[in-house]
S.K.: 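Structure in structure tokens, see below.
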2 protein chains.
Amino acid sequence: MARKTGSHSEITGPRIRAEAGQLFARHGFAAVSMRQIAAAVGVQAGALYLYTPDKESLLFELLKTHMDELLAAWTTQAGATTGAADPRAQLERFVRFHIRFNLERAQAVFLSYMELRNLSPENFACIEALRRRYEDTLEAILREGQAAGCFALPDTKLATLAIIAMLTGVNTWFREGGRLSRATVEGIYWDMVRKAVAA
Amino acid sequence: MARKTGSHSEITGPRIRAEAGQLFARHGFAAVSMRQIAAAVGVQAGALYLYTPDKESLLFELLKTHMDELLAAWTTQAGATTGAADPRAQLERFVRFHIRFNLERAQAVFLSYMELRNLSPENFACIEALRRRYEDTLEAILREGQAAGCFALPDTKLATLAIIAMLTGVNTWFREGGRLSRATVEGIYWDMVRKAVAA
DNA sequence: GTCTATATTGAGATAGAC
DNA sequence: GTCTATCTCAATATAGAC
């Protein structure tokens, strides 16, 4: 009883986002056509517009969802130990979390820093604000550590950006099944960060 | 005696590359049309094809020139002191060179890691090989330092990638006339790198 | 909810006049 | 060396049948 037309709204919506994400990551937002996305999903181009008002909204949804999940995951992870916890332990937790989470969502991470400029100004500002909030959580840890005397940093804001750039860089070279496991990589990067911020 | 048609091949060629570079950096390669480039230069779209066989070659020339100049500049910079020099001094030289050079050529650096996927496989491989050669010069410094006992790194290759990612990250936030001068930024990053690799 | 068909726009690239 | 004009193709998005 296979039929080509029918109701699949709960399936088609997520599939469109999944295929669009893959294609955007592979070829770049501007280089991917709505026809390509439709073909990957297995529907006609016109059908996409039942699920998204336009191409850009498709990209925005992917980035927004990713940033929301990133912040939620970190809040959960950090929640147990905020406040009184040792800044060094908090920093280690952040380093390991960032690497682990970003490797799990490599595609969304890639889109989040490659395709930002394809958003409208308002949507761009929205994503930027979320990214900034995430950075601020690391900056807060570094400040606490400096106040407690266990970190020594020439410039806290720059250290924040430097650490995040360094950690996010893992995504550009890490390949599953390569020379190093994820846990090993976490350990190696934590070692370098630990020394870089040490008093 | 202003005339609209005439011979300007020595001027028009470089101007096309300059305007294309600006537009590619601002909007992304795929989002920029040949007509836009022509309009920025002040010629008709058809005239561009006197200077480039196609759009992709325009991008490739920009990236190739940048990588060649990067390697040449570093060779010059490092040339005076290779071999016997102190690895710590070599590393400091590299850190400061990388930040300074990348800030001077921010546009080309941006293109080099945002638009690589728009190259044909052969052209992509060419740029990748040059990037790899540049990375290898840093890796060699780190290896010498470890052999000499002044650096202690859990993994030399990862440290290479981590340091380059961290340094290149400066380009994402640095703005001329901001809170910090280039020289100050160099110093701050060198301080963090120095500690991260310390024995 | 999905289809076919199409309106509209603009892309990359080329031909040939000047 | 640059121009105008054009070929060919594909893009986003919409309309209306089923």
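Protein chains get the first letters and strands the later ones, always in sequence-line order, with residue 1 at the start of each. As the structure is a computational prediction, the values presented were derived from the model and not from experiment.
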S.K.: Would you be so kind as to tabulate the donor-acceptor pairs closer than 3.5 Å made by side chains of residues 188-195 of chain A, with sequence neighbours excluded?
M.R.:
| residue | atom | partner | partner atom | Å |
| --- | --- | --- | --- | --- |
| A:Y189 | OH | A:W173 | NE1 | 3.4 |
| A:D191 | OD1 | A:R194 | NH2 | 2.4 |
| A:K195 | NZ | B:A152 | O | 2.8 |
| A:K195 | NZ | B:A196 | O | 3.1 |
| A:K195 | NZ | B:A198 | O | 2.8 |

S.K.: To the nearest angstrom, how far is B:L48 atom CG from D:dG1 atom C1'?
M.R.: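 Rounded to the whole Å, the gap is 12 Å.
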S.K.: Just to verify, what does A:E176 make a salt bridge (charged side-chain N to carboxylate O under 4.0 Å, His left out) with, not counting sequence neighbours?
M.R.: A:R182
S.K.: Does B:Q44 put a side-chain nitrogen or oxygen below 4.0 Å from OP1 or OP2 of D:dT4?
M.R.: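 Yes.
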S.K.: Does B:V32 reach a base, just sugar-phosphate, or nothing at all? Heavy atoms under 4.0 Å.
M.R.: sugar-phosphate
S.K.: Once you round it to whole Å, what is the distance between P of C:dG1 and CD1 of A:I16?
M.R.: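 Taking CD1 of A:I16 and P of C:dG1, I get 11 Å after rounding.
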S.K.: Strictly by modelled atom types, are B:T52 and B:E61 linked by a side-chain donor-acceptor pair under 3.5 Å?
M.R.: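 No, no side-chain donor-acceptor contact under 3.5 Å.
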S.K.: At less than 4.0 Å, is any side-chain N or O atom of A:S33 found next to OP1 or OP2 of D:dA11? Yes or no.
M.R.: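 A:S33 to D:dA11 OP1/OP2: side-chain N or O found under 4.0 Å.
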S.K.: Can a salt bridge be assigned to the pair A:R179 and B:D155 using a cut-off of 4.0 Å between side-chain N and carboxylate O?
M.R.: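 A salt bridge links A:R179 with B:D155.
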S.K.: Can you pull out how bent the helix from C:dG1-D:dC18 to C:dC18-D:dG1 is, comparing the axes over its first five and last five pairs, to 10°?
M.R.: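 About 0° separates the two local helix axes.
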S.K.: Rounded to whole angstroms, how far apart are CD1 on A:I37 and C1' on D:dA10?
M.R.: 15 Å
S.K.: Side-chain N or O of A:T12 less than 4.0 angstrom from OP1 or OP2 on C:dT2?
M.R.: yes
S.K.: Let me know the distance between CG of B:L50 and P of D:dC3, rounded to the nearest Å.
M.R.: 10 Å
S.K.: Going by atom types only, do A:E56 and A:N118 share a side-chain donor-acceptor pair under 3.5 Å?
M.R.: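 No, A:N118 and A:E56 have no side-chain donor paired with an acceptor closer than 3.5 Å.
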S.K.: How close do B:Q90 and B:A85 get, counting heavy atoms only, and between which atoms?
M.R.: CG-CB, 4.1 Å
S.K.: Residues in ring-ring contact (aromatic ring centres under 6.0 Å, His included) with A:Y134, at least two apart?
M.R.: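 If we apply the ring-ring contact (aromatic ring centres under 6.0 Å, His included) test to A:Y134, skipping adjacent residues, the hits are A:F94, A:H98.
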S.K.: Taking salt bridge (charged side-chain N to carboxylate O under 4.0 Å, His left out) as the test, write out the residues that go with B:E139, two or more places apart.
M.R.: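 Once residues adjacent in sequence are excluded, the partners of B:E139 under the salt bridge (charged side-chain N to carboxylate O under 4.0 Å, His left out) criterion are B:R143, B:K157.
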S.K.: Quick one: which protein N/O atoms are closer than 3.5 Å to N/O atoms of nucleotides 13-17 of chain D? Pair and distance per line, please.
M.R.:
| residue | atom | partner | partner atom | Å |
| --- | --- | --- | --- | --- |
| D:dA13 | OP2 | A:Y49 | OH | 2.8 |
| D:dA13 | OP2 | A:K55 | N | 3.4 |

S.K.: What is the distance, rounded to the nearest whole Å, between atom CG of B:L58 and atom C1' of C:dA13?
M.R.: 14 Å
S.K.: In terms of hydrophobic clustering (I, L, V, M, F, W, Y; side-chain heavy atoms under 4.5 Å; direct or indirect links), are B:L116 and B:L58 co-clustered?
M.R.: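 The answer is yes; both residues are in one hydrophobic cluster.
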